[in-house]
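Each remark here refers to the structure printed beneath this line.
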Amino acid sequence: MVIQAQGDMTVVGDARDGLDALTRLGKVVADVVLMDVRMPVLDGVEATRRLLAGTGAGPKVIMLTTFDLDEYAFAALRAGASGFLLKDAPAEEIVAAIRTVHEGDAVIAPSTTRRLLDHVAPTLPLQANPSIPLTDREREVLQHIAQGETNAEIAGRLFLSEGTVKTHVGRILAKLQLRDRVQAVIWAYEHGQVPRI
């Protein structure tokens with residue numbers, strides 16, 4: 001009801017489980033999907049993986065979870081979700097998150113990203129990557145993104161304008177063929193761009 005009440009949003013469907021969601025999404029076009037992590041028949045992680053498999057095209061997914069550091073939510077981020085929210089988030093936060101993800105950004109607050117990575121980064125497998133197509137400045141920006149810093153914080157640390165940081169972020173995502181900042185953080189840890197403590 002909250003989403004439907006927004007002038008710029010329309011609910012195109014709802015589903016009772018992950019398999020039902022995939023079936024329905026095969027029949028309608030959705031820009032953003034709110035996906036529960038834990039569902040019967042097919043959980044949200046596997047549903048997200050299947051939904052976003054292949055061409056990389058498809059709707060953006062926001063994972064809804066009960067716990068801030070739910071390992072299933074992290075698995076969903078690795079499967080391509082653009083972020084996650086707690087189920088008890090205020091309605092205005094959910095609506096704002098939908099708009100943010102629709103515009104191409106992620107919906108995980110920097111502090112949550114930091115806690116999430118502190119919790120799971122040591123378990124990420126380090127992948128071989130002999131050639132990383134980033135400039136020195138882009139690598140530097142990527143390292144700050146991976147630390148959970150906002151564009152404003154990165155700009156302050158590197159003595160750049162926020163617009164310049166935003167340009168660097170866009171180039172990083174394009175060069176690495178990533179969906180959003182969340183995927184950039186995961187990539188940075190998996191490819192050894194951030195020191196592991």
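Remember, it's a predicted structure, so these values are computed and weren't measured experimentally. We number each residue from 1, following the sequence as shown.
For Arg137, the CZ atom sits in a packed shell: over 12 heavy atoms of surrounding residues, nucleotides or ligands are nearer than 6.0 Å. Within 6.0 Å of the CD atom in Gln177, the count of heavy atoms belonging to other residues, nucleotides or ligands does not exceed 12. Residue Asp8 places its CG atom among more than 12 non-hydrogen atoms of other residues, nucleotides or ligands, all under 6.0 Å distant.
Taking CD1 of Ile145 as the reference point, atom CD1 of Ile154 lies at 5.0 Å (rounded to 0.5 Å). Rounding to the nearest 0.5 Å places CZ of Arg171 at 8.0 Å from OG1 of Thr135. The CD atom of Glu149 lies 10.5 Å from the CD atom of Gln143; values are rounded to the nearest 0.5 Å. One finds the CD atom of Gln183 at 7.0 Å from the OG atom of Ser82 (value rounded to the nearest 0.5 Å). For the atom pair CG of Leu142 and CD of Glu140, the computed distance is 11.0 Å after rounding to the nearest 0.5 Å. Here the CG-CZ distance, from Leu51 to Arg49, works out to 12.0 Å after rounding to the nearest 0.5 Å.
The nearest pair of heavy atoms linking Leu52 to Ala81 is CD1-N, 4.1 Å. Closest approach of Ala47 to Leu22, counting heavy atoms only: O-CD2, 3.5 Å.
Arg50 and Glu46 are joined by a salt bridge, as a carboxylate oxygen and a charged side-chain nitrogen come within less than 4.0 angstrom of each other. At a threshold of 4.0 Å, the pair Asp180-Lys60 does not count as salt-bridged, since none of the basic side-chain nitrogens sits closer than that to a carboxylate oxygen.
Between Val141 and Val169, the closest side-chain pair of non-hydrogen atoms falls below 4.5 Å. Leu158 is not listed as a side-chain neighbour of Val165, based on a closest heavy-atom distance of 4.5 Å or more. Side-chain contact check for His144 versus Glu153: every heavy-atom pair is 4.5 Å or farther apart. Counting heavy atoms from C-beta on, the side chains of Val2 and Val95 come closer than 4.5 Å. A heavy-atom distance below 4.5 Å is found between the side chains of Arg16 and Arg24. Between Ile3 and Leu34 there is a side-chain heavy-atom pair separated by less than 4.5 Å. Side-chain contact check for Arg99 versus Met9: some heavy-atom pair is nearer than 4.5 Å. At a threshold of 4.5 Å between non-hydrogen side-chain atoms, the residues Ile98 and Ile62 count as touching.
In terms of modelled atom types and a separation under 3.5 Å, the side chain of Gln4 and the main chain of Val11 share a donor-acceptor contact.
Of the residues listed (Val33, Val32, Asp31), the one engaging Pro59 in a side-chain contact (heavy atoms from CB on, under 4.5 Å) is Val33, and it is the only one.
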Query raised in the report: Should Val37 and Asp43 be marked as a side chain to side chain contact (heavy atoms under 4.5 Å, CB included) after you check the CA-CA gap, both sets of side-chain angles, and the distance that decides it?
Result: CA-CA 6 Å; Val37 168; Asp43 68 33; over 6 Å; no
Requested in this report: Applying side chain to side chain contact (heavy atoms under 4.5 Å, CB included), run through Thr65 and Asp36 and close with a yes or a no.
Outcome: CA-CA 6 Å; Thr65 181; Asp36 196 340; over 6 Å; no
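In summary, the side chains of Thr164 and Thr167 do not present any donor paired with an acceptor at a separation below 3.5 Å, with no hydrogens or angles considered. Side chain to side chain, His168 and Glu138 fail the donor-acceptor criterion of an N or O pair below 3.5 Å.
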